[in-house]
Number of protein chains: 4
Amino acid sequence: MSQSSNNPSTSGVSRPSPGRKRSEASRIAILAATRELVAEQGYEKLSIGGIAARAGVGKDTIYRWWPSKGMVVADAVLEEAQPFHLAPPPQSGPVDEDIRAWAHALARDFADPVRVGRIRAVTSAASEDPATAEQLYERFTQVQRTGFIDRLRLAAEAGEVRPDADFGAVADAILGSLMYWATAHRADLRVESVDSLLDVLLRGLRADRTDGQ
Amino acid sequence: MSQSSNNPSTSGVSRPSPGRKRSEASRIAILAATRELVAEQGYEKLSIGGIAARAGVGKDTIYRWWPSKGMVVADAVLEEAQPFHLAPPPQSGPVDEDIRAWAHALARDFADPVRVGRIRAVTSAASEDPATAEQLYERFTQVQRTGFIDRLRLAAEAGEVRPDADFGAVADAILGSLMYWATAHRADLRVESVDSLLDVLLRGLRADRTDGQ
Amino acid sequence: MSQSSNNPSTSGVSRPSPGRKRSEASRIAILAATRELVAEQGYEKLSIGGIAARAGVGKDTIYRWWPSKGMVVADAVLEEAQPFHLAPPPQSGPVDEDIRAWAHALARDFADPVRVGRIRAVTSAASEDPATAEQLYERFTQVQRTGFIDRLRLAAEAGEVRPDADFGAVADAILGSLMYWATAHRADLRVESVDSLLDVLLRGLRADRTDGQ
Amino acid sequence: MSQSSNNPSTSGVSRPSPGRKRSEASRIAILAATRELVAEQGYEKLSIGGIAARAGVGKDTIYRWWPSKGMVVADAVLEEAQPFHLAPPPQSGPVDEDIRAWAHALARDFADPVRVGRIRAVTSAASEDPATAEQLYERFTQVQRTGFIDRLRLAAEAGEVRPDADFGAVADAILGSLMYWATAHRADLRVESVDSLLDVLLRGLRADRTDGQ
DNA sequence: GTCTAATCGAGACGGTACGTCCCGTCTTAAT
DNA sequence: ATTAAGACGGGACGTACCGTCTCGATTAGAC
């Protein structure tokens, strides 16, 4: 379901509104065409006209339902499970293991050329349009961030982790370094780098029984 | 000095190449106009024609020396001390204090509207052009990263810090979270967030005298 | 009606083609602006961008319907009765009188600054583009030529004129000398010159009763 | 020798002026390059920069000695015997024969692709620049015209031709039809057409002994 | 033999126009 | 009422030349 809710007949009951209904087929074709073109040409050479042509759709049909190219891309990349692994960290073992499992899954997504291409596309879109940036945050960053924080909160209650640490700041460090790496166009993301970072972060978060504090 | 080195006669000594010399006045006017327009309109609405007009210069003079809009912006923002605080961490006290001083200076740059606007501009440029991304990395990220790593290396030698930690990964976490924050268009960067992150990171890096290692 | 027939659905009957129709208002505004600018600045300083601006139209709208500046000018100058007197020689008296009447009308057109400016414009356009030259021929030269030849043919049947003369060559001489004069930028066309030429030509064409033939 | 006389020391005697003298080699190279490029690309795609590059010469060297592209072309095409047959009509037989010989030579020049290409080039140049038009007239049209008129004047004195005819108008008809044909880009100039025209013109010029007139 | 100065090649400069591409809106006929 | 198609006014793109302006490097008569 589309996130850009312009549904013209949401208000109360009133008239069932006449005329042709929004074509679900068009919506799907547009988002699929967008993903194809992002993969083939990248976000920068993408054009609304190109998407419309590929989707066999009029340009107006796109403009009627989305406010900008960025939002189309955001929808195309972020809908359903399309984009990447959105699962929160598991709660199945010691916090260290759970966090590492989560971070590895994330890192593997960023190592996949297709997925990273899409991430790059939304990030480009976000960097030129605040509304798209908001979408990216709400539908990806924040989801990951919240999952991470929740798991750490649990660990804090279990005494595995210092309760006074700023879990949000830590989440931002992990997610931020991944996102920036993606936009930086720099070669090979190595999972070991993520591991090395976790080494430091998890040690820094560890509840220190010896000297209290 | 301009980074876009197109010097046609670098080979050996030989002839000093004929023809009129590149106009330094134009180079300066172009970069200044770019900075002005970035501040006034942002990177997205920036146009080569607009820069040329503002600088009182022909478009060709821009295209002759820079390959893309992104590279002009990179040069304009990153030349000399223009952009932000590039000083490495000091070596004047305990590593914790030095790193915090450095990170605070950095955070203050990111909190300044003018500076963050410029950072945002280069980041946008970088996200649409790998060559610009390379510039941003070489002339900003890498400089900061190297300074940070060098300071930690010194601390490791002094036994202040675990020598087996991946300092690069830590640097990337700090810089990445700042950079991503900048592009994410999200409100207010709070210096306290950076401090909170440092709390965790520095604790994680701390040499642990009790259990040796 | 526009001469630049790009009708995309001329084949058979089939579908009337979807989409917005060509704007007749734009077509008219473009041709009018072209005539104005030709009069104000002459063909050489004419620019597509200038025409578009004056007509309140996008450049693409010009390029969509005309292949070159020359063809716009040809259309602007040659449409309908705009350009000059296209009437064929009358058939109301002796051939000499009819031809002189026709030639005088023509010469008067070439003596009018506005009209000769337009002629000059199409001629310049024709001299740099074969397609425009073809237009000029089909829509002006050939019309005049055919009218002239037809009148002489009639005269030949009436025995006023030698039937074996090459009427086309004579028409070319009259029209060619006028056209060349127009492009040559030389001062004042005198109607007497045309008259003098007709003196010789009509005498040369005259049926010679004495020696038969 | 160049027609564009910018000789800076023509005035009186004064100083013979020091400094380097104009390079004859450059002058020749420029005109040769111009002829080559006219043949290869036509007048419209010709550029001063292109001529300079082909001639191995700086652009300023062209601008120093010629005021416009048109004048360079005029010089290149019209210098010496380069362009076409400039001989006046012979005076070796009856006027009819002499005129036909002259016209045939002219027609043959216009039938030669290389020569007609050059004529077309100067004509294009002339149609966009009055000064060039003047050159074309002085150095080609007028020469032919004067030769023709002189021969007819002689014939008039010999009683071969009506002395009261306007020889200039007749010359213009012959030359004009040839020139217009050249610019009209129309296929095949047939020598027979010229002959047909001469049939009429010479008959029209013929002194009529029988009925005086 | 210098001196002096015009000319040369090269090519960067401030500009203008090009023809293309895409934007976001609008119009049309068909469903 | 929405759709596919596609024309519209607008504006930026990157390129090609324009005619002018530095640059050293010749080149040649005047001193």
Side-chain angles (χ1 to χ4, degrees), chain A residues 8-9 17-23 25-26 45-50 52-53 55-65 67-69, chain B residues 8 15-23 25-27 29 45-50 52-53 55-65 67-69, chain C residues 8 15-23 25-27 29 45-50 52-53 55-65 67-69, chain D residues 8-9 15-23 25-26 45-50 52-53 55-65 67-69:
Chain A
S9 62
S17 90
R20 198 172 177 173
K21 289 299 174 299
R22 175 172 184 181
S23 162
S26 290
K45 338 209 85 174
L46 201 62
S47 72
I48 296 282
V57 138
K59 280 200 296 176
D60 263 13
T61 302
I62 299 181
Y63 283 113
R64 200 179 342 267
W65 300 108
S68 69
K69 187 174 80 166
Chain B
R15 305 245 229 80
S17 97
R20 190 175 177 171
K21 291 298 179 287
R22 176 173 184 180
S23 162
S26 292
R27 208 197 103 255
K45 339 208 85 173
L46 201 63
S47 73
I48 296 281
V57 139
K59 277 200 296 175
D60 258 17
T61 301
I62 299 181
Y63 284 112
R64 193 176 298 116
W65 299 108
S68 66
K69 189 174 78 166
Chain C
R15 307 247 226 77
S17 99
R20 189 176 180 171
K21 291 297 179 291
R22 176 173 184 180
S23 162
S26 292
R27 210 198 103 251
K45 341 208 84 176
L46 200 63
S47 72
I48 296 281
V57 139
K59 276 201 296 175
D60 259 17
T61 301
I62 299 180
Y63 284 113
R64 193 176 297 117
W65 299 109
S68 67
K69 189 173 78 167
Chain D
S9 63
R15 307 237 231 79
S17 93
R20 193 173 178 171
K21 288 302 175 293
R22 174 172 186 182
S23 162
S26 291
K45 338 209 84 175
L46 202 62
S47 72
I48 297 282
V57 138
K59 280 201 294 175
D60 262 14
T61 303
I62 298 181
Y63 283 112
R64 194 174 297 114
W65 301 108
S68 68
K69 188 174 80 165

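Sequence lines set the chain letters: A, B, ... in the order given, protein chains first and strands last, and positions in each chain run from 1.
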According to a strict under-4.0 Å criterion, is [X] in side-chain N/O contact with OP1 or OP2 of [N]?
| X | N | answer |
| --- | --- | --- |
| B/R64 | E/dC13 | yes |
| B/R20 | E/dG11 | no |
| B/W65 | E/dG11 | no |
| C/S26 | F/dA7 | no |
| B/K21 | F/dG24 | yes |

- [ ] Please list, chain by chain and in numerical order, all residues satisfying side chain to side chain donor-acceptor pair (under 3.5 Å) with D/T61, sequence neighbours excluded.
- [x] none

- [ ] For C/S23, enumerate each residue passing the side chain to side chain donor-acceptor pair (under 3.5 Å) test, keeping only those at least two apart in sequence or located in another chain.
- [x] C/S26

Between [options], which nucleotide gets closest to the side-chain atoms of [X]?
| X | options | answer |
| --- | --- | --- |
| C/K59 | E/dC13, F/dG9, E/dC18 | E/dC18 |
| C/Y63 | F/dT3, E/dT25, E/dT20 | E/dT20 |
| A/D60 | F/dG6, F/dC8, E/dT20 | F/dG6 |
| C/I48 | E/dG19, F/dC8, F/dG19 | E/dG19 |
| B/S47 | E/dC8, F/dC17, F/dA12 | F/dA12 |
| B/S23 | F/dC8, E/dC13, E/dT20 | E/dC13 |

Write down the distance between [atom1] ([X]) and [atom2] ([N]), rounded to a whole number of angstrom.
| X | N | atom1 | atom2 | value |
| --- | --- | --- | --- | --- |
| B/R22 | E/dA10 | CZ | C1' | 18 Å |
| D/K45 | F/dC18 | NZ | C1' | 17 Å |
| B/K69 | F/dG14 | NZ | P | 9 Å |
| D/I62 | E/dC8 | CD1 | P | 11 Å |

Task: Test: B/R22 cationic atom under 6.0 Å from B/W65 six-membered ring centre, within 45° of axis - done: yes

TODO: Could you tell me which non-hydrogen atom of A/G49 sits nearest to which non-hydrogen atom of A/K59, and how far apart they are?
DONE: CA-CD, 3.8 Å

TODO: Identify the two heavy atoms, one from C/G58 and one from C/A52, that lie closest to each other, and give their separation to 0.1 Å.
DONE: C-CB, 4.1 Å

- [ ] Take B/G19 and B/G56, find for each the nucleotide of DNA chain E with the closest heavy atom, and name the residue whose nucleotide sits nearer the 5' end.
- [x] B/G19

Open item on the list: Once you apply a heavy-atom cut-off of 4.0 Å, does B/G50 come out as touching a base, just sugar-phosphate, or nothing?
Closed with: nothing

